Asks: 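What follows is a single structure, and I will ask about it in a moment.
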2 protein chains.
Amino acid sequence: MSPAHRNDGEVSAIGRAAVLLKEFRKGDGALGIAELTRRTGLPKSTVHRTVHELVRVGLLEQAGSAFRIGLLLFELGQTAPRANGLVEAARPHMVNLHDATGHNVALAVLEEIEVVYVEIFRGDRGRRLPQRVGGRWPAHASCAGKVMLAFSPADKVRGVLGGVLPRLTDRTLTDPPALLAELAQIRRSGVAFDRQESIAGVVGAAAPVRDGDGAVLGALAISGPVGRISLSRVDTAVRAGALGISRDLARGASVVRPVLGLGR
Amino acid sequence: MSPAHRNDGEVSAIGRAAVLLKEFRKGDGALGIAELTRRTGLPKSTVHRTVHELVRVGLLEQAGSAFRIGLLLFELGQTAPRANGLVEAARPHMVNLHDATGHNVALAVLEEIEVVYVEIFRGDRGRRLPQRVGGRWPAHASCAGKVMLAFSPADKVRGVLGGVLPRLTDRTLTDPPALLAELAQIRRSGVAFDRQESIAGVVGAAAPVRDGDGAVLGALAISGPVGRISLSRVDTAVRAGALGISRDLARGASVVRPVLGLGR
DNA sequence: ACCATCGTTCCGATGAGCGGGACTCACCCC
DNA sequence: GGGGTGAGTCCCGCTCATCGGAACGATGGT
């Protein structure tokens with residue numbers, strides 16, 4: 001009822017729980033009740049009750065008087081199907097690319113207006129890159145994101161362009177017409193480049209990974225420090241890698257697990 | 001109020017949500033409303049409402065008329081702190097062991113009466129093993145579980161012995177006194193063996209991984225098909241590997257992230 | 001045309017969740 | 001010692017979101 005609207009429109013108990021869980025994405029480790037209260041703006045007693053409930057069901061775990069992600073979440077996250085089949089098919093190709101180039105090799109999927117990295121092999125100089133497996137990045141400011149947007153239905157792209165496009169570097173494309181032109185160009189060439197649009201001093205290239213029906217499931221990207229990486233050379237490598245993954249996905253057909261049950 | 005008690009004592013909305021989420025651990029991919037209703041025993045309309053709420057907050061995602069783990073869960077699972085620092089420290093040592101032996105190399109932590117595998121490198125013949133990253137296994141029927149139990153406080157062990165100890169093979173230790181004697185022996189030797197106690201035809205050895213204070217954080221295990229793996233030889237390798245990881249953990253001290261922020 | 005099974009929607013009753021506020025510690029600084 | 005600050009915990013009356021039985025529409029196999 002307060003005129004100021006909440007973070008999201010969270011009314012349900014589950015919504016509040018999700019708001020609390022999301023605070024742990026930033027990877028700050030363990031958080032206390034007061035810290036969560038401050039960050040979420042929820043009433044302290046609500047945070048207290050909800051967090052303890054989350055501990056009871058195993059989604060969080062208690063470490064002293066602070067709380068952190070529980071192993072149940074780790075367990076559930078490992079079974080995320082969209083990531084799973086894709087990563088398994090991609091890994092060998094990613095290793096090859098990583099060995100051959102020595103640069104950062106990443107696999108990402110598109111979620112709303114952001115990309116989520118599902119696997120990363122870091123290059124020699126890549127230890128300091130902020131991208132993490134499971135982390136997010138604005139789609140318009142990443143070659144992986146741009147290539148996935150380029151092959152997305154128009155309404156999805158419109159959704160991205162509708163919001164504000166954060167400017168991460170002075171080269172980030174934040175102008176909708178410019179971005180649309182770039183996407184059209186990517187659609188023609190089949191590859192997207194990041195020319196210091198995400199991080200100053202870092203460039204990269206990305207190509208789409210498709211399933212047997214041609215639908216784009218994700219993107220393979222190679223990136224590295226400007227000067228130490230040749231985009232024209234990486235261009236073909238990343239295309240070949242993405243095609244290889246796509247072919248394996250089409251052959252393996254069943255994105256379903258090849259694992260045997262033995263329940264539990 | 002029904003005399004028959006539910007699966008767990010779930011009364012809260014969060015509890016019901018967790019019951020639903022746990023159904024996805026088995027890795028069956030996408031589940032429909034009716035399927036979830038059947039498995040959980042919850043009323044259909046409750047399942048419907050709760051699942052759609054979970055989709056709204058991003059914990060699940062909708063694929064046609066079925067539902068599956070959402071990327072938010074993948075993301076949260078990746079930040080599970082207990083697993084994270086440990087895996088990062090362990091990975092190089094695990095790769096070495098894997099290259100040197102060609103057998104399955106696994107890293108596990110203890111949660112209640114089960115182990116959770118946080119990283120696995122499969123050996124040549126290991127494709128068919130049912131253990132998965134993020135999967136669980138009864139602690140008493142695994143060398144990794146036994147070695148962690150051996151160095152756990154007595155009341156934790158009592159909790160394990162209190163319940164029923166499932167018999168996975170005809171060699172599984174299910175007799176509390178026998179198991180206690182085994183744990184004492186492990187405490188003396190510092191290494192635990194699995195002599196076809198978890199899976200017929202598979203043997204292995206495990207050693208504890210400790211932090212700087214000597215507290216046991218997890219266990220490193222090597223396993224392989226009986227006959228193709230020599231326990232006496234693997235014994236020393238797994239001890240050395242576990243010590244190496246422990247040393248790196250103590251040096252790296254801060255189990256905290258070395259990553260730079262760049263929020264979101 | 002029938003039946004089975006799916007997902008969806010409705011709606012009255014109720015109790016779980018809500019949250020303001022009070023409480024208890026532990027700690028630090030006058 | 002006294003007073004402040006900020007932590008986690010607890011209480012309790014109000015109320016609104018949750019609950020779940022039941023009805024509904026869509027689908028598809030026989």
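Naming convention: chains lettered A, B, ... in sequence-line order (proteins, then strands); numbering from 1 in each chain. This one's a predicted model, so the numbers in the text were calculated from it and none came from an experiment.
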Asks: Please confirm whether the backbone N or O of B/D213 pairs with a side-chain atom of B/D211, one donor and one acceptor, at under 3.5 Å?
Replies: yes
Asks: Can you find a donor-acceptor N/O pair under 3.5 angstrom joining the side chain of B/S45 to the base of D/dG21?
Replies: yes
Asks: Reading DNA chain C from 5' onward, which residue's closest nucleotide shows up sooner: B/I33 or A/T46?
Replies: B/I33
Asks: Rounded to the nearest angstrom, tell me the gap between atom CZ in A/R39 and atom P in D/dA7.
Replies: 13 Å
Asks: Closest approach to the side chain of A/R49, judged atom by atom: which nucleotide of D/dG8, D/dG20, C/dG19 is it?
Replies: C/dG19
Asks: Give me the atom names and distance for the closest heavy-atom approach of B/V115 to B/G145.
Replies: CG1-CA, 3.3 Å
Asks: Are B/F151 and B/R210 close enough that some pair of their side-chain heavy atoms sits under 4.5 Å apart?
Replies: yes
Asks: Expressed in angstrom and rounded to an integer, what is the separation of B/L42 atom CG from D/dG21 atom C1'?
Replies: 15 Å
Asks: Among B/K26, B/R132, B/K22, B/R25, find the residue that satisfies the salt bridge (Lys or Arg N to Asp or Glu O under 4.0 Å) test when tested with A/E75.
Replies: B/R25
Asks: Can you find a side chain N or O atom of A/H48 that sits less than 4.0 Å from OP1 or OP2 on D/dA7?
Replies: no
Asks: Quickly work out the B/L31 CG to C/dC6 P distance and round it to whole Å.
Replies: 13 Å
Asks: Between A/K44 and B/A13, which residue's closest nucleotide on DNA chain C lies nearer the 5′ terminus?
Replies: B/A13
Asks: In whole angstrom, give the distance that lies between atom NE2 of B/H52 and atom C1' of D/dC19.
Replies: 16 Å
Asks: Could you give the CZ-to-C1' distance, from B/R38 to C/dA4, as a whole number of Å?
Replies: 12 Å
Asks: Return no unless some side-chain N or O of B/R16 is found under 4.0 Å from OP1 or OP2 of D/dG20.
Replies: yes
Asks: Atom CD of A/Q62 to atom P of D/dA7: distance rounded to whole Å?
Replies: 16 Å
